[in-house]
Every structure is written in structure tokens, then in C-alpha cells.
Amino acid sequence: MVKKVALITGAGQGIGKGIALQLSADGFLVALAGRHLDKVNEVATEINNKGGQAIGIQCDVHKKEDVEKAIQSAVLEFGQLDVYINNAGIAIVDPVEDISEKDASSLLEINVLGSLYGIQAVAKQFKKQRTPGKIINASSIAGYEGFPMLSVYSATKFAIRGLTQAAAKELAKDKITVNSYCPGIVLTPMWDEIDDKMTKLDGREKGSALNDAINSIALGRGEQPEDVANLVSFLSSEKANYITGQSIIVDGGIQFS
Ligand code: NAD
């Protein structure tokens, strides 16, 4: 049987790396795209050493041509593409009154436009292949409720839910599904940066913002990349064929809808 192929953006660390390892374990051939080629290559080597098949691709998602080239490279290497994970993203902590135009633009360009470019380019590829396809985007619990000091970040994650719904409705006729995952407090370098900036802003001890956030989780522990990867594994599988337009919370019990 022909193996399915997944491309994951921001796969050099954190949640993206967790998804790459999980999808490879599920039997996917994986293309790992990221800003830093050395980091995605490191993850690709780890996967190849375990008997999987992975390649690293340099790609800055806020450049449309990089995203298109990454898709072409994956197809050139593996022959097709079946699943596209729009995982790359940044978080910037600042009070809403102070966040700079430059930082706000970076958040919108990387988190929203980067995902839009991925949806556009991969939808074109799926249609060219005349195969069904799955697009999976990174939203957040901050895509359901605005978080203080994360105003523009929250706005980008709300935007991802909108993009997900609209793209799902438009692309359904081509058997392309579009869904999102909404993690909570995941213990990745992103949260180290959030904690660092938040505690500096309010003069508290380093680690206390993260601790407070973890204390709000019903299941009583911080989230691991594997917790997110398990949901993405399901959404990437045939078992999720009848699910589209959804943004699914995986947060250990912080938000309840
Ligand atoms: P992270 O900062 O640990 O990793 C993000 C990865 O994306 C890095 O490898 C980084 O190099 C890459 N990246 C950033 N900008 C890029 C660009 N322009 N082009 C290509 N790659 C780029 O973050 P993470 O915690 O692993 O988060 C992954 C995704 O999940 C993000 O979209 C984030 O917003 C979302 N998320 C994270 C959390 C959390 O608690 N960590 C919660 C909810 C949602």
C-alpha cells in the first residue's frame, strides 16, 4: 500500500516536533518545514534513525513562495501530499495598549497569513492530484477566549477558527477537510518565553505565570506535545473523514463548551 505523506510546519521543536514523531509512528512519510533548517533536519534524522522516512525543508511561512516551494519539495521527494499541518506560529506578550505595530504585524503575518498561504497552496496540490486531503491548523484555547497580555495572539487564533470554517465549507466539494486543534498550556519553548515576559511585566518570580496557568487545569498537569499530537493523529486519519470545519480543544480541562 502506498504510504501517506504529511507536511508539518514549525516542526523543529515543541508541538510540531511532537506531531512529526507521532505521524511517522502512524506510518506517514513526513516533510518537516521550518525557519531553521538545522533544527528540522535534526528531527528528520531522529525519525529516520527510528526507521521512519522524513526530510527537512527550510521554509519561512510568512513568505508565500517559501510555502509553495516547501509543498513542491515534499511532492518531489515523496510523490504526493495527503495531510498538511499549519503548525508554525509565534506568541508575543504585551499589554494591548503597548504592543507595537511591528509585533502585531508579525503575529498576523506568521500566524494568520502563513496558515492562509498553506491552505491556498495545498488545496491547489490536492486538486491537482485529484485526491482527498486533510488540512489541520493550529488554533488555541486563546482562539475561544481572549487572554490578557496576549491580545493580538488571541486575535490570530480566533482568525484561524474563521479560516478553518470558511475553508472547510469551500473545499468540501473536493473532499478536502479542514480542522484545527486548540491546545491549552503546552510545555514547549513558547510557554517558557510567555512566562519570562509575563513575570518580567508584573515583577513576579520567574515560573509563576506558568505555575498559575498549570494550576487552572482540571487534569492537574501541564500539557505535553504528545497530548496535542494524539488529537492531530486522529484528525489526520481515515477515522476523521466525516469531521470538517471544527476547532477541537485539547487542554486537559481549562475551557468547557
Ligand atoms: P514553539 O515556539 O515551541 O515552536 C514553534 C515552531 O514554529 C518553532 O520551531 C519555530 O521556529 C517555528 N516557526 C515560528 N515562526 C515560523 C515561521 N515564520 N516559519 C516557519 N516556522 C516558524 O511553539 P509551540 O508551543 O510548539 O506551538 C506550536 C503551535 O501551537 C503554534 O501555532 C502555537 O501558537 C500553538 N499553540 C501553542 C500552545 C502552547 O501552550 N505552547 C497553546 C496553544 C496553541
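Counting starts at 1 for both ligands and their atoms, in listed order. Note that the structure is predicted; figures quoted are calculated from it, not measured.
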For [X] and [Y], which I'm curious about, is there any donor-acceptor pair between the side chains at under 3.5 Å?
X: Asn241; Y: Lys134; result: yes
X: His62; Y: Asp60; result: yes
X: Ser115; Y: Asn137; result: no

Minimum-distance pair of heavy atoms, taken over all atoms of [X] and [Y]:
X: Ala54; Y: Asn48; result: N-OD1, 2.7 Å
X: Gly89; Y: Asn111; result: CA-OD1, 3.3 Å
X: Ser208; Y: Thr199; result: OG-CG2, 3.5 Å

Of all the atoms in ligand 1, which lie at a distance below 4.0 Å from a heavy atom belonging to [X]?
X: Ile110; value: 15 (N), 18 (N)
X: Pro189; value: 3 (O)
X: Ile90; value: 14 (C), 15 (N)
X: Ile185; value: 40 (O)

Output yes when the distance from some N or O of ligand 1 to some N or O of [X] is under 3.5 Å, and no in every other case.
X: Pro183; value: no
X: Val186; value: yes
X: Gln13; value: yes
X: Lys157; value: yes
X: Gly14; value: no

Looking at [atom], what's its closest protein heavy atom, distance included?
atom: atom 29 (C) of ligand 1; value: Asn87 O, 3.1 Å
atom: atom 19 (N) of ligand 1; value: Val61 N, 2.9 Å
atom: atom 42 (C) of ligand 1; value: Gly184 O, 3.2 Å
atom: atom 23 (O) of ligand 1; value: Met190 CB, 3.4 Å
atom: atom 18 (N) of ligand 1; value: Asp60 OD1, 2.8 Å
atom: atom 7 (O) of ligand 1; value: Gly10 CA, 3.5 Å
atom: atom 24 (P) of ligand 1; value: Thr188 OG1, 3.6 Å

Candidate with minimal heavy-atom separation from [atom], of [options]:
atom: atom 10 (C) of ligand 1; options: Gln58, Arg35, His36, His62; value: Arg35
atom: atom 30 (O) of ligand 1; options: Val40, Ile15, Ile85, Ile141; value: Ile15
atom: atom 44 (C) of ligand 1; options: Gly89, Ala138, Ser139; value: Ser139

Is it true that a side-chain atom of [X] and a backbone atom of [Y] form a donor plus acceptor pair closer than 3.5 Å?
X: Ser236; Y: Val232; value: yes
X: Asp195; Y: Ala209; value: yes
X: Asp82; Y: Gly133; value: no
X: Asp227; Y: Gln224; value: yes

4.0 Å heavy-atom contact, [X] with ligand 1:
X: Ala33; answer: no
X: Cys59; answer: yes
X: Gly18; answer: no
X: Lys39; answer: no
X: Tyr153; answer: yes

Query raised in the report: Once you round to the nearest 0.5 Å, how far does CD of Gln80 lie from CG of Leu29?
Result: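 Atom-to-atom, Gln80:CD and Leu29:CG are 8.0 Å apart.
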
Between the side chains of [Y] and [X], is the shortest nitrogen-to-carboxylate-oxygen separation below 4.0 Å, so that they form an ion pair?
X: Arg204; Y: Asp212; result: yes
X: Lys197; Y: Glu193; result: no
X: Lys124; Y: Glu68; result: no

